[in-house]
Amino acid sequence: MSGKIGVLALQGDVREHVSVLAELGAYPVEVRRPEDLAGIDGIVVPGGESTTMALLLESAGLRQPLADQLRGGMAAFGTCAGMILLARQVLDGRRDQTCFGVIDISVRRNAFGRQVDSFETDLDVPELGAEPVHGVFIRAPLVERAGPEVEVLAEVDGRPVACRQGPVLVTSFHPELSGDLRLHDLFLKGVG
Ligand code: GLN
């Protein structure tokens, strides 16, 4: 599948996602204004700072049109802060923080175990084969609840760190930083 894929480009690690998508044969477009949403088949919501991205989504006029497209069933891949933005419920967020609610998980910001900063670990992701995925966690969100419709693709200490619900894929780590293209490839396979 080589669709036109938006990368929300208000803040965060946009360039890394753009280059992985291009490497996989997709057509990435940076999304900064509502017009940029036209004709995209899916969107990547990158890591960064979810509270800042929520404010910028509002001021750019992107929140409502993006919410409409997501609720219409558009494929999405959220990494770290992107996971927070796509979740049903955000704990320890700003009170007015946007969450698009397209994957039935509750996430707590900056609360991954006692590791509030960064760590790296190899993850078993059976969906992607025997070779582990190297997970880079940077002030990662903790998934405290995953609803019955959510498939958990990987865990750390019994906590989900990669989840999928229909065309929506989220990871609490940063696959765009590890040089492993398999999770982006999995996302692109779900782009209809
Ligand atoms: N802690 C950030 C937030 O709450 C997420 C960090 C990240 O994306 N690396 O948005």
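Atoms within each ligand, like the ligands themselves, are counted from 1 in listed order.
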As a test of reading the model: which N/O atoms of the protein lie under 3.5 Å from N/O atoms of ligand 1, and at what distance?
from     : atom 1 : to     : atom 2 : distance (Å)
ligand 1 : 1 (N)  : Asn110 : OD1    : 2.5
ligand 1 : 1 (N)  : Arg139 : O      : 3.1
ligand 1 : 4 (O)  : Ser50  : OG     : 3.3
ligand 1 : 4 (O)  : Arg109 : NE     : 2.6
ligand 1 : 4 (O)  : Arg109 : NH2    : 3.1
ligand 1 : 8 (O)  : Gly48  : N      : 2.9
ligand 1 : 8 (O)  : Gly48  : O      : 3.1
ligand 1 : 8 (O)  : Ala81  : N      : 3.0
ligand 1 : 9 (N)  : Ile138 : O      : 2.9
ligand 1 : 9 (N)  : His174 : NE2    : 2.9
ligand 1 : 10 (O) : Ser50  : N      : 2.5
ligand 1 : 10 (O) : Ser50  : OG     : 2.8

Can you check whether Glu131's main-chain N or O pairs, donor with acceptor, with Arg182's side chain at less than 3.5 Å?
yes
Phe187: what forms a ring pair (Phe, Tyr, Trp, His ring centres under 6.0 Å) with it, not counting sequence neighbours?
Phe77
Taking side chain to side chain contact (heavy atoms under 4.5 Å, CB included) as the definition, give me every residue that meets it alongside Arg33, ordered by chain and number, with sequence neighbours left out.
Glu35, Asp36
Side chains of Thr121 and His134: do they bring a donor and an acceptor to under 3.5 Å?
no
For residues 54-67, pull every pair meeting side chain to side chain donor-acceptor pair (under 3.5 Å), keeping only residues two or more places apart or in separate chains.
Glu58-Arg63, Gln64-Asp68
With distance as the sole test, does Ser106 use its side chain to make a donor-acceptor pair with the main-chain N or O of Arg145 at under 3.5 Å?
no
